[in-house]
Amino acid sequence: MPASVAPRRILVVGSGGREHAIAWRLARDPEPAELIAAPGNDGLASLARCVPVAADDVPALVALARGERVDLVVAGPELPLARGLADACTAAGIPVFGPVRAAAELETSKQFAKERMRALGIPTPRAETCATLAEAEAALARSDAPWVVKVDGLAAGKGVRVSDSRAEVREFLADALERGRFGDAGRRVLVEEFVAGEELSVMAVTDGERCVLLPPARDAKRARDGDRGPNTGGMGAYAPAVDDAALEATVAERIVQPLLADMRARGTPFRGVLYAGLVLSATGPTVLEFNVRFGDPEAEAVLPLVTGEFGALLAGAARGALDPRAIARAPGAAIAVALVDERYPEDGAGGVIEGLEALAAGDAIVFIGSARRQAAAWRFAGGRVAWVGARGADVTEARARAYAGIDRLGGEGWRCRRDIGGAAASGSAARAHAAAAEEGI
Ligand code: GLY
């Protein structure tokens, strides 16, 4: 298939707001593909045929893709990639958007990502890798507060602690290294230098060689307004978070391209979306983390700004023949605000949201997360329930539209941050840290 030919049948793997956003965008292609989702959710069900195959069951996903004769598999979350979904699809001759397991290590092992960045001279905070509590304590003693400690492996967003409290950091380290709280993911930890600055998420769609950057986004990780409260999977995002072509060129030339060349040289070309979580430090963009899939909630804010043939872009990347001209950026800005169980990120109390359909019929964009449809309402038992977003001429207009929509919703047991896209939620690592320290988090 030439790079610019749109796929006809696509399997989207995953079940959250990010996967709903991917399917929503694919459904807006000039020649939309037939969509299948595994396992999908009640929001995705309006766009895709949902099949009850778990997102991390690689053999069953490959069997589904083969049985449905799809011409593209799009991986939403990282877990199937960590379990070898791309390797298995490739072996079965099925084009897949997402990296092979060895390249996915950029997300599944922070130690591996640090090693590659050090080898390539990609700016990243200094870090020591420690396998015992004694080693980690010694590393803490050699550095100053605030301390940043991260478990090496995947920990569902719970594997990072930033704190001024040595006792708190020690407790986290003991949980990881001695009590096995994170399982194998916590057998090694990184003690990392704290770098202050605004944070930025840049996602590059790539075929392993060429790449196209999507509009840069900023997510809000803390649970409460003003970047307070515990870390979450993300409470909202907006894009573009900066309008700086020179910065994007720097990220492409100094971070993305060297890493892609390195992955090619290692025999594991990176195909899919490379997400760079950056801090804009005094010395320039510095990489805090890589992810190997679309950011969540970044996808919910960024994909509404993508015009053109998204399916063809992803298929071209999967086949090693990316056509960057397949898509363009829409003018203006977009925002996505998470509606969450009021106890989130703790276990949920549950509740109901009413009025989402009416919003989606207007100028809001609604993506469903953990909610389940029940007649005209959406029930939930916890987590990130749904997303309300909007586009606008700029972030101010987009956020005004999104919050006007949210204000029309009913139900109970849910809440959202009220400051996504506002000055108080601009993603400053230093501010989030200060707010958390003040609260003793
Ligand atoms: N927004 C951060 C992530 O997707 O992991």
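Hydrogens, waters and symmetry mates play no part in the numbers below; they use all other heavy atoms, side chains included. Counting from 1, the numbers follow the sequence of the chain as shown. In each ligand, atom 1 is the first atom listed, and ligand 1 is the first ligand listed.
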Query - Check: E289 N/O within less than 3.5 Å of ligand 1 N/O - result: no

Query raised in the report: Counting heavy atoms only, which part of E199 comes closer than 4.0 Å to ligand 1: side chain, backbone, both or neither?
Result: neither

Report summary line: min-distance protein heavy atom vs atom 4 (O) of ligand 1 -> R293 NH1, 2.7 Å

Query raised in the report: More than 12 foreign heavy atoms under 6.0 Å from CZ of R254: is that the case here?
Result: no

Query raised in the report: Is there a heavy atom of F294 sitting under 4.0 angstrom from any atom of ligand 1?
Result: no

Query raised in the report: Should the pair W24 and F367 be assigned to parallel (<30°), tilted (30 to 60°) or perpendicular (>60°) ring geometry?
Result: perpendicular

**Report entry** T286 (side chain) donor-acceptor with G284 (main chain) under 3.5 angstrom
**Finding:** yes

Query raised in the report: Is the shortest heavy-atom distance from the side chain of W378 to the side chain of R373 under 4.5 Å?
Result: yes

Query raised in the report: Do C50 and N41 touch side chain to side chain, with heavy atoms closer than 4.5 Å?
Result: no

Report task. Heavy-atom contacts with N291 under 4.0 Å: which atoms of ligand 1 show up? List them by number with element. Result -> 3 (C), 5 (O)

Query raised in the report: What atoms of ligand 1 come within less than 4.0 Å of a heavy atom belonging to G295?
Result: 4 (O)

Query raised in the report: What protein heavy atom sits nearest atom 2 (C) of ligand 1, and how far off is it?
Result: Y275 OH, 3.4 Å

Report task. Pull out every atom of ligand 1 sitting under 4.0 Å from any heavy atom of D219, numbered as shown with elements. Result -> 1 (N), 2 (C)

Report task. Would you mind finding which of R218, E78, E298 brings a heavy atom closest to atom 1 (N) of ligand 1? Result -> E298

Report task. Please check if atom CZ in R9 has more than 12 non-hydrogen atoms from other residues, nucleotides or ligands closer than 6.0 Å. Result -> yes

Report task. Check whether any side-chain heavy atom of L214 sits under 4.5 Å from a side-chain heavy atom of I327, and report yes or no. Result -> yes

Query raised in the report: Under 4.0 angstrom from ligand 1, any heavy atom of K221?
Result: no

